[in-house]
Peer 1: 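Dropping the structure in here first, questions after.
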Amino acid sequence: MAKIGIIIGTTRDTRFGDRPAAWIHEIGQARGDFEFELVDLRDFPLPFFNEVASNMWTPTQDEVGQRWQRKVAEFDGYIFITAEYNHGPSAVLKNALDFAFPEWNRKPVAFVGYGSVGAARAISQLESIATALQMVPLSRAVLIQGGDFMAVRKGGKPLTELANLFPAAKAMLDDLAWWVQALKTAREAA
């Protein structure tokens, strides 16, 4: 069974990312077509990237970096849970992306963003980064924004009560399923 990594892209003490990560994990698991795993960047305290070169060219020396690369390699596709910091993704997520290269290649990535504009600008940047890592970024995303974000963040409303988000989640997961199968088949044939 193909495996999808749901990567929580922030590490702040007061982060919100745990909630959408758990929500999309629950929806994904209920489908039954893939195995989904939550991956928390807090469990991989990577230093700022300071290797001689990308692991595409030379082995990573940092032990946490090596452990991170092994974890990333386990998956056939990814969902990045992202906030938006000053119109971009968090530094820890960008750093984690930089710590691997061949492990990301030829795999699809989808996005769940949250914040005032649903992290749309951060997701746009992540799509460019994913392309540089030879990933396939999907155009369908889940944007938890505006009133929905405030109802959950400040009002304590569970994401499961926001029925308007489910069509986007389903469409994103349907696209991810198609791309995971297509690219997994192609990687195995190569």
Side-chain angles (χ1 to χ4, degrees), residues 2-10 16-17 19-39 41 72 75-98 100-149 152 159-160 162-190:
K3 193 171 177 184
I4 308 298
I6 300 172
I7 299 174
I8 305 171
T10 60
F16 176 77
R19 292 166 80 178
W23 173 74
I24 202 71
H25 181 263
E26 182 180 324
I27 294 170
Q29 286 291 95
R31 293 169 58 96
D33 52 354
F34 297 109
E35 179 183 343
F36 289 82
E37 180 181 334
L38 290 171
V39 180
L41 289 181
V72 170
F75 302 108
D76 298 298
Y78 310 91
I79 300 171
F80 294 161
I81 309 297
T82 187
E84 185 168 298
Y85 295 171
N86 299 315
H87 295 199
S90 69
V92 294
L93 179 54
K94 175 62 168 86
N95 191 52
L97 288 163
D98 290 340
F101 187 83
E103 297 81 4
W104 301 117
N105 292 180
R106 299 178 178 159
K107 297 178 185 177
V109 59
F111 305 95
V112 175
Y114 58 87
S116 62
V117 296
R121 296 167 293 214
I123 289 170
S124 179
Q125 290 181 29
L126 287 167
E127 289 168 340
S128 293
I129 294 164
T131 300
L133 293 169
Q134 297 182 23
M135 298 174 79
V136 176
L138 306 185
S139 61
R140 292 187 193 210
V142 178
L143 306 179
I144 305 166
Q145 60 185 329
D148 288 339
F149 176 68
V152 175
L159 280 163
T160 54
L162 297 176
N164 59 302
L165 295 177
F166 282 92
K170 182 186 182 315
M172 180 194 74
L173 290 168
D174 287 347
D175 279 359
L176 184 61
W178 191 92
W179 281 102
V180 164
Q181 285 305 113
L183 292 173
K184 187 174 194 301
T185 300
R187 285 194 314 275
E188 289 170 354

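This chain uses plain numbering: 1 for the first residue, then up along the sequence.
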Peer 1: For A169, enumerate each residue passing the side chain to side chain contact (heavy atoms under 4.5 Å, CB included) test, keeping only those at least two apart in sequence or located in another chain.
Peer 2: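 For A169 the side chain to side chain contact (heavy atoms under 4.5 Å, CB included) partners, ignoring immediate neighbours, are W23, I24, I27, V142.
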Peer 1: I need the minimum non-hydrogen distance between M172 and A141, along with the two atoms involved.
Peer 2: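 Distance-wise, the nearest heavy atoms are SD-CA, 4.3 Å.
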Peer 1: Roughly how far apart are L183 CG and W178 CH2, rounded to 0.5 Å?
Peer 2: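 Answer rounded to 0.5 Å: 7.5 Å.
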Peer 1: With sequence neighbours left out, what residues match N86 under side chain to side chain donor-acceptor pair (under 3.5 Å)?
Peer 2: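 With sequence neighbours excluded, N86 shows a side chain to side chain donor-acceptor pair (under 3.5 Å) to no residue whatsoever.
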Peer 1: By side chain to side chain donor-acceptor pair (under 3.5 Å), which residues pair with E35, not counting sequence neighbours?
Peer 2: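 Partners of E35 under the side chain to side chain donor-acceptor pair (under 3.5 Å) test: none.
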Peer 1: Only counting residues at least two apart or in another chain, list the ones meeting salt bridge (Lys or Arg N to Asp or Glu O under 4.0 Å) with R19.
Peer 2: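 Salt bridge (Lys or Arg N to Asp or Glu O under 4.0 Å) list for R19, sorted by chain: empty.
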Peer 1: Can you see which heavy atom on F36 is nearest to which on I6, and at what distance?
Peer 2: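 So the minimum-distance heavy-atom pair works out to CD2-CD1, 3.9 Å.
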Peer 1: For L41 and I8, which heavy atoms make the closest approach, and how far apart are they?
Peer 2: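 Minimum heavy-atom separation between L41 and I8: CG-O, 3.4 Å.
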Peer 1: Mind listing the side-chain donor-acceptor pairs of residues 104-114 below 3.5 Å, one per line with the distance, residues two or more places apart or on another chain?
Peer 2:
unit_1, atom_1, unit_2, atom_2, d
W104, NE1, L97, O, 3.1
W104, NE1, A100, O, 3.4
N105, ND2, F101, O, 2.9
N105, ND2, L133, O, 2.7
K107, NZ, F75, O, 2.7
K107, NZ, Y78, OH, 3.4
K107, NZ, E103, O, 2.9
Y114, OH, G17, N, 3.3

Peer 1: In Å, rounded to the nearest 0.5 Å, how long is the span from CG of L93 to OG1 of T82?
Peer 2: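 These two atoms lie 5.5 Å from each other.
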Peer 1: In Å and rounded to the nearest 0.5 Å, what is the CD to CD1 distance from E37 to I4?
Peer 2: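 Taking CD in E37 and CD1 in I4, the distance rounds to 11.5 Å.
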Peer 1: Side chains of residues 116-128: which donor-acceptor pairs under 3.5 Å do they make with residues two or more places apart or in other chains?
Peer 2:
unit_1, atom_1, unit_2, atom_2, d
R121, NE, E84, OE2, 2.5
R121, NH1, H87, NE2, 3.2
R121, NH2, E84, OE2, 2.6
Q125, NE2, H87, O, 2.8

Peer 1: If you measure from CG on L176 to CG on D33, what distance do you get to the nearest 0.5 Å?
Peer 2: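 Atom-to-atom, L176:CG and D33:CG are 9.0 Å apart.
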Peer 1: Apply salt bridge (Lys or Arg N to Asp or Glu O under 4.0 Å) to K170 and list each qualifying residue two or more places apart in sequence or on a separate chain.
Peer 2: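 Salt bridge (Lys or Arg N to Asp or Glu O under 4.0 Å) list for K170, sorted by chain: D174.
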Peer 1: Return the set of residues passing side chain to side chain donor-acceptor pair (under 3.5 Å) with D76 (not counting sequence neighbours), or none when no residue passes.
Peer 2: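 With neighbours one apart ignored, the set is R187.
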Peer 1: Can you name the closest pair of heavy atoms from I144 and F149 and give their distance?
Peer 2: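 For I144 and F149, the tightest heavy-atom pair comes out as O-CB, 3.7 Å.
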Peer 1: Kindly state each residue pair satisfying side-chain hydrogen bond (donor to acceptor under 3.5 Å, both in side chains) with at least one member in residues 133-142, sequence neighbours excluded.
Peer 2: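 As it turns out, the side-chain hydrogen bond (donor to acceptor under 3.5 Å, both in side chains) pairs with a partner in residues 133-142, which skip direct neighbours, are R140-D175.
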Peer 1: Show me the pairs that pass salt bridge (Lys or Arg N to Asp or Glu O under 4.0 Å) and involve residues 85-95, at least two apart or across chains.
Peer 2: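 Qualifying pairs, neighbours excluded: K94-D98.
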Peer 1: Backbone N or O of G9 within a donor-acceptor pair of the S90 side chain at under 3.5 Å?
Peer 2: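 Answer holds: yes.
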Peer 1: Can you check whether L173 reaches F34 side chain to side chain, under 4.5 Å on heavy atoms?
Peer 2: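 They are not in side-chain contact.
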Peer 1: Under the salt bridge (Lys or Arg N to Asp or Glu O under 4.0 Å) test, which residues partner E26, sequence neighbours left out?
Peer 2: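 Checked E26 against salt bridge (Lys or Arg N to Asp or Glu O under 4.0 Å); zero matches.
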